[in-house]
Amino acid sequence: MPETKSFAAGGASVTGADLVATMRRAIETCRVKSAVPDAIMTLHGLTIRLHCKSPAFLGHCLSNIVNDPAFAMKSQKIIDIHVTSPEDGLLGSPPLWNEETFQTAKIEAMLEKTPLRASYNDAYGIWHIYDHESATGLQWMQSPVAFPPWEPAGPLRNFIHWALSTPESRLIHAGTLGQNGKAVLMVGRGGSGKSSTVVAGIAQRMQSAGDDYVHVRHDGLGTNVYPVFSVMKQDAAGLDRLGLYDISAKSTANWQAKYEFGAQDVGGLPMTGPLAVMAILIPVIGNRDDTTITPASKKEAMLALAPSTVLQMPGERISGMAFFADLVRRLPCHRLTLGRDPAGIVAAIRNFLEAKE
């Protein structure tokens, strides 16, 4: 019998046995009590009606989600997301997990045959709950500012991931660079040079749909990528290599010792889409001055793409792996061996894309 945790006086708790019932009650309460949304945001394929009384969190959503009115007519799906804490009077305190650990894979398997999805952060006592059937999401927090430090750069990420997850569509962990409407999708673990390459390209006026999480969709015309978040991140050493000293001088590093900024802060174009994906590139740190792009195997591309996305996106693992396998099968895959010169890296990608025109 696992040892249970102690809870604050009056605080409720939940286990796997009553999780589904608790989730259903909370979602239904949100639906019954929902009022006029505090913000409406449009992404490609998705309209978000956001109900949020936390000024801090609402500000992050409005600042960092790419809200493009041009996508309004193309948003086939509408979801309601409620971001709430006890102060709002909508729900009480979110229940704390009353088992030794919250086993993500176990909970995902339990919910797989239901329309419900859930993620729980034990350190903050925060729940993300989504009901596919009613297209309703709930971010249930202990207080209006009790969200993890990584949430501001990618607010509502779990809900966008769940809502966009179909056989043809997925939120994935990748960076993008493009020109003339054509782009490459860069995939790999943190530290592979993916983000610094995207920042270097944006600073040189290349197009991009994002450097961290992007929306990839298959249709009859091919594979396209769309923006979701506008924030880029880079540590001080990376900014120095790119000559972007002003970013670190004028701002404060985040919880990862990285600086967060937008394309406009480096003189770049706004995040844009659709961009037609021409290839998958796997960045690798090289030991030479020049940058090279050489063929890579489908297996190498799959290993670079799938683990980082699956680990960072709760639920939909089986359908996600099928999507990644299909994506790798559709697109040519190459290794991007990064040289020491950022301008040379960008030039290599430009030349690669020009050869596709």
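Numbering starts at 1 and runs along the sequence shown. As the structure is a computational prediction, the values presented were derived from the model and not from experiment.
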Cluster check [X], [Y]: I/L/V/M/F/W/Y, side chain < 4.5 angstrom:
{"X": "Leu331", "Y": "Phe352", "value": "no"}
{"X": "Met206", "Y": "Leu244", "value": "yes"}
{"X": "Val216", "Y": "Met313", "value": "no"}

Which heavy-atom pair separates [X] from [Y] by the least distance, and what is that distance?
{"X": "Val284", "Y": "Arg335", "answer": "CG2-CG, 3.7 Å"}
{"X": "Leu138", "Y": "Ala26", "answer": "CD2-CB, 3.6 Å"}
{"X": "Ser308", "Y": "Gly188", "answer": "OG-O, 4.1 Å"}
{"X": "Asn67", "Y": "Thr42", "answer": "OD1-N, 2.8 Å"}
{"X": "Val198", "Y": "Gly210", "answer": "CG1-O, 4.1 Å"}
{"X": "Leu116", "Y": "Val20", "answer": "CD1-CG1, 3.9 Å"}

So does [Y] get a backbone contact from the side chain of [X], meaning a donor-acceptor N/O pair under 3.5 Å?
{"X": "Asn254", "Y": "Gln256", "result": "yes"}
{"X": "Arg189", "Y": "Ala304", "result": "no"}
{"X": "Trp97", "Y": "Thr101", "result": "yes"}
{"X": "Thr337", "Y": "Thr291", "result": "no"}
{"X": "Glu108", "Y": "Glu316", "result": "no"}
{"X": "Asn351", "Y": "Ala348", "result": "no"}

Listed partners of [X] passing salt bridge (Lys or Arg N to Asp or Glu O under 4.0 Å), at least two apart:
{"X": "Arg340", "result": "Asp289"}
{"X": "Arg329", "result": "Asp326"}
{"X": "Lys53", "result": "Asp38"}
{"X": "Arg170", "result": "none"}

Please identify each residue that fulfils side-chain contact (heavy atoms from CB on, under 4.5 Å) with [X], with sequence neighbours left out.
{"X": "Lys299", "result": "Ser297, Leu303"}
{"X": "Asp290", "result": "Arg288, Thr292"}
{"X": "Val310", "result": "Arg317, Met321, Phe324"}
{"X": "Thr197", "result": "Leu177, Met186, Leu336, Leu338, Ile345, Ile349"}

Hey, what do you get for [atom1] ([X]) to [atom2] ([Y]), rounding to the nearest 0.5 Å?
{"X": "Met141", "Y": "Tyr124", "atom1": "CE", "atom2": "OH", "answer": "12.5 Å"}
{"X": "His173", "Y": "Asp211", "atom1": "NE2", "atom2": "CG", "answer": "8.0 Å"}
{"X": "Asn121", "Y": "Asn158", "atom1": "CG", "atom2": "CG", "answer": "10.5 Å"}
{"X": "Ser251", "Y": "Lys258", "atom1": "OG", "atom2": "NZ", "answer": "14.0 Å"}
{"X": "Ile78", "Y": "Thr47", "atom1": "CD1", "atom2": "OG1", "answer": "5.5 Å"}
{"X": "Leu327", "Y": "Cys333", "atom1": "CG", "atom2": "SG", "answer": "8.0 Å"}

Next item on the list: Run the numbers on Gln142 and Leu96 for side-chain contact (heavy atoms from CB on, under 4.5 Å), then give the verdict.
Entry: CA-CA 10 Å; Gln142 300 290 337; Leu96 300 178; 3.4 Å; yes

Item checked: Candidate list Ile81, Leu58, Asn64, test side-chain contact (heavy atoms from CB on, under 4.5 Å), partner Pro155, passing option ->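 It is Asn64, the one option of Ile81, Leu58, Asn64 that forms the side-chain contact (heavy atoms from CB on, under 4.5 Å) with Pro155.
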
Margin query: Phe261 and side-chain contact (heavy atoms from CB on, under 4.5 Å): which single residue from Val231, Val199, Asp246 fits?
Written below: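 Of Val231, Val199, Asp246, side-chain contact (heavy atoms from CB on, under 4.5 Å) with Phe261 is met by Val199 alone.
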
Notebook entry, point to check: Are any of the side-chain nitrogens in Arg31 or Glu28 under 4.0 Å away from the carboxylate oxygens of its partner?
Noted result: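 Here Arg31 pairs with Glu28 in a salt bridge, since their nearest N and O are under 4.0 Å apart.
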
Next item on the list: Please list all pairs passing the salt bridge (Lys or Arg N to Asp or Glu O under 4.0 Å) test where one or both residues lie in residues 218-235, with sequence neighbours left out.
Entry: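 For residues 218-235, and leaving out neighbouring residues, the salt bridge (Lys or Arg N to Asp or Glu O under 4.0 Å) pairs sorted by first residue read Asp212-Lys233.
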
Notebook entry, point to check: Cut-off 3.5 Å, side chains only: do Thr176 and Ser208 have a donor facing an acceptor?
Noted result: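 Side-chain D/A pair, Thr176 to Ser208: present.
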
Next item on the list: Consider only side-chain N and O atoms of Thr22 and Asp18, and report whether a donor and an acceptor are under 3.5 Å apart.
Entry: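 No, Asp18 and Thr22 have no side-chain donor paired with an acceptor closer than 3.5 Å.
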
Margin query: My understanding is that only residues two or more places apart in sequence, or in another chain, count here; which of them pass ring pair (Phe, Tyr, Trp, His ring centres under 6.0 Å) with Phe323?
Written below: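 Once residues adjacent in sequence are excluded, the partners of Phe323 under the ring pair (Phe, Tyr, Trp, His ring centres under 6.0 Å) criterion are His218.
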
Margin query: List the residues meeting ring pair (Phe, Tyr, Trp, His ring centres under 6.0 Å) with Trp140, not counting sequence neighbours, and say none if there are none.
Written below: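 By the ring pair (Phe, Tyr, Trp, His ring centres under 6.0 Å) rule, Trp140 matches no residue at all.
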
Does [X] reach the side chain of [Y], with side-chain heavy atoms less than 4.5 Å apart?
{"X": "Phe159", "Y": "Thr136", "value": "no"}
{"X": "Gln234", "Y": "Ser196", "value": "yes"}
{"X": "Arg117", "Y": "His132", "value": "yes"}
{"X": "Lys77", "Y": "Ile79", "value": "yes"}

Margin query: I want to know whether Tyr130 and His128 have ring centres closer than 6.0 Å.
Written below: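 Here the rings of His128 and Tyr130 have centres that are no less than 6.0 Å from each other.
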
Note to self: Does Ile285 have more than 12 heavy atoms from other residues, nucleotides or ligands lying within 6.0 Å of its CD1?
What the structure shows: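 Counting neighbours around CD1 of Ile285, more than 12 heavy atoms of other residues, nucleotides or ligands fall under 6.0 Å, so yes.
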
Notebook entry, point to check: Just wondering, more than 12 heavy atoms not from Lys356 lying within 6.0 Å of its NZ?
Noted result: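 Result for NZ/Lys356: enclosed.
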
Do the rings of [X] and [Y] sit parallel, tilted or perpendicular, given the 30° and 60° boundaries?
{"X": "His60", "Y": "Phe147", "value": "perpendicular"}
{"X": "Phe71", "Y": "His44", "value": "perpendicular"}
{"X": "Tyr226", "Y": "His215", "value": "tilted"}

Note to self: For a side-chain contact (heavy atoms from CB on, under 4.5 Å) check, start with the C-alpha distance between Tyr213 and Val228, then their side-chain angles and the critical distance, and finish with the verdict.
What the structure shows: CA-CA 7 Å; Tyr213 301 97; Val228 177; 5.6 Å; no

Next item on the list: Go through Leu50 and Leu156 one step at a time and tell me if the side-chain contact (heavy atoms from CB on, under 4.5 Å) criterion holds.
Entry: CA-CA 10 Å; Leu50 179 60; Leu156 311 182; 4.2 Å; yes

Note to self: Enumerate the side chain to side chain donor-acceptor pair (under 3.5 Å) contacts for residues 177-187, please, sequence neighbours excluded, ordered by first and then second residue.
What the structure shows: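 Those involving residues 177-187 are Gln179-Arg350, Asn180-Glu357.
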
Next item on the list: Kindly indicate whether a cation-pi arrangement holds for Arg157 with Phe229, taking the cut-offs as under 6.0 Å to the six-membered ring centre and within 45° of the axis.
Entry: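 No, a cation-pi geometry is absent between Arg157 and Phe229.
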
Next item on the list: Output, in order, the C-alpha distance, side-chain angles, deciding distance and verdict of side-chain contact (heavy atoms from CB on, under 4.5 Å) for Arg217 and Ser169.
Entry: CA-CA 4 Å; Arg217 179 183 291 271; Ser169 173; 3.7 Å; yes

